[in-house]
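Presented below is the structure to which this report refers.
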Amino acid sequence: MAVQAATGTMTRSQTQRRRRIVQTAAALAVRGGVEAMQMRSVAERAGVALGTLYRYFPSKMDLVVAVVTEELDLLEGGIVRRPPTADSPSGRAVDVLLRATRGLMREPELADALVRSLIMAEVKIELDVRISDLVWRVATGNLEGADTTAAETGADDESESAGTGVDRDSTGYVLVSSLTSVWIFELVEILKGRRDVDEVEGRLQIAAERLLVSF
């Protein structure tokens, strides 16, 4: 069975090759959705052998996850550069979740594929953990602890938690995680056409005000 290359052990050229593959896949998805992200097409356009592509990404879903993860990296970087300015922790938390929603909805087919993978457990992706960490930092005013390189270093959950000062066993973090779960459900509702972003914003505000009242 192919094993995805560990990003924390890649050379500079391998890192650049991996980024080129991800960017190529994203460009194909923009033009034709997830269906256009055929592994052979990605390999040809990225200028790598098909076998090389599979060493980096054993499945198409792994490639989808990598594209979405890059979106999350951009989100975290944007939050650090331009933090939410709301007075309340709940307001700042909702700001983060709405930015994440808009970022994912720029490519709804990718978002849909990602959500399906989460539900079916097809791949291991810590979308909920990454978003929860970011929301927790923003809500508690601990943005200087943000680690936007976790996806590139290959850090595991334990080291990420220790390195960023996020206490995932605390009551506050559990409440933030519950808010993230609400957000994922609302994301599904958007993808099903049952909600629009404005409706989701209102529902997230209500949930955040209740869940983060003790912050």
Side-chain angles (χ1 to χ4, degrees), residues 7-8 19 65-107 110-111 114-115 118 124-191 195-215:
T7 54
R19 182 173 293 276
V65 168
V67 172
V68 175
T69 296
E70 186 162 283
E71 182 67 44
L72 292 178
D73 292 340
L74 293 173
L75 170 68
E76 290 189 18
I79 293 292
V80 171
R81 290 190 300 272
R82 187 169 59 86
T85 57
D87 294 332
S88 66
S90 62
R92 295 192 295 273
V94 171
D95 187 314
V96 172
L97 294 174
L98 286 177
R99 292 196 209 182
T101 301
R102 294 187 181 103
L104 289 171
M105 285 303 105
R106 280 199 291 269
E107 299 302 333
L110 286 175
L114 176 63
V115 169
L118 289 170
K124 183 179 185 300
I125 177 173
E126 301 297 338
L127 171 68
D128 54 342
V129 174
R130 289 194 65 182
I131 293 293
S132 294
D133 282 1
L134 184 58
V135 171
W136 187 88
R137 294 187 192 107
V138 169
T140 59
N142 190 35
L143 257 182
E144 59 271 15
D147 180 7
T148 59
T149 62
E152 297 176 1
T153 60
D156 57 28
D157 283 354
E158 183 178 352
S159 61
E160 281 181 18
S161 181
T164 61
V166 176
D167 182 3
R168 294 181 182 143
D169 294 322
S170 68
T171 300
Y173 188 89
V174 171
L175 292 170
V176 165
S177 296
S178 297
L179 179 61
T180 301
S181 297
V182 173
W183 169 71
I184 292 174
F185 174 80
E186 293 298 331
L187 194 62
V188 171
E189 293 298 282
I190 291 176
L191 291 168
R195 307 244 205 279
D196 59 30
V197 175
D198 289 338
E199 290 174 316
V200 167
E201 179 177 6
R203 295 171 70 89
L204 287 176
Q205 286 175 342
I206 292 171
E209 287 169 2
R210 303 298 192 276
L211 288 168
L212 307 187
V213 66
S214 61
F215 274 60

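Because the structure is predicted, anything quoted here is derived from the model rather than measured.
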Minimum heavy-atom separation for [X] and [Y], please, with both atom names.
| X | Y | answer |
| --- | --- | --- |
| Ser90 | Leu212 | CA-CD1, 4.0 Å |
| Leu134 | Val96 | CD2-CG1, 3.9 Å |
| Leu75 | Ala100 | CD2-CB, 3.6 Å |
| Arg82 | Arg99 | O-NH2, 2.8 Å |
| Leu143 | Pro83 | CD1-CB, 3.6 Å |
| Pro89 | Ala139 | CB-O, 3.6 Å |

Validation row: [X], [Y] side chains within 4.5 angstrom (heavy atoms):
| X | Y | answer |
| --- | --- | --- |
| Val129 | Thr180 | no |
| Val200 | Leu97 | no |
| Leu175 | Ser214 | yes |
| Glu189 | Arg203 | no |
| Val94 | Glu209 | no |
| Ile190 | Leu104 | no |
| Thr101 | Glu201 | no |

Rounded to the nearest 0.5 Å, how far apart are [atom1] of [X] and [atom2] of [Y]?
| X | Y | atom1 | atom2 | value |
| --- | --- | --- | --- | --- |
| Arg137 | Ser132 | CZ | OG | 10.5 Å |
| Ile184 | Leu179 | CD1 | CG | 10.5 Å |
| Gln205 | Ser88 | CD | OG | 9.0 Å |
| Glu186 | Leu191 | CD | CG | 11.5 Å |

Subject >> side chain to side chain contact (heavy atoms under 4.5 Å, CB included) between Arg130 and Asp73, intermediate numbers included >> reply: CA-CA 10 Å; Arg130 289 194 65 182; Asp73 292 340; 2.7 Å; yes
Original post:
For Ser177, which residues count as a side-chain hydrogen bond (donor to acceptor under 3.5 Å, both in side chains) partner, sequence neighbours excluded?
Top reply: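 Listed in chain order: nothing, the list is empty.
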Subject >> Trace of the side chain to side chain contact (heavy atoms under 4.5 Å, CB included) decision for Trp136 with Asn142 >> reply: CA-CA 8 Å; Trp136 187 88; Asn142 190 35; 3.6 Å; yes
**OP:** Under the side chain to side chain contact (heavy atoms under 4.5 Å, CB included) rule, what do Glu199 and Asp196 come out as? Steps first, then yes or no, please.
**Re:** CA-CA 5 Å; Glu199 290 174 316; Asp196 59 30; 3.2 Å; yes
Subject >> Intermediate values then yes/no, side chain to side chain contact (heavy atoms under 4.5 Å, CB included), Val176 and Thr140 >> reply: CA-CA 11 Å; Val176 165; Thr140 59; over 6 Å; no
Original post:
Does Thr85 offer a backbone N or O that forms a donor-acceptor pair with the side chain of Arg92 under 3.5 Å?
Top reply: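 No: the side chain of Arg92 does not pair with the backbone of Thr85.
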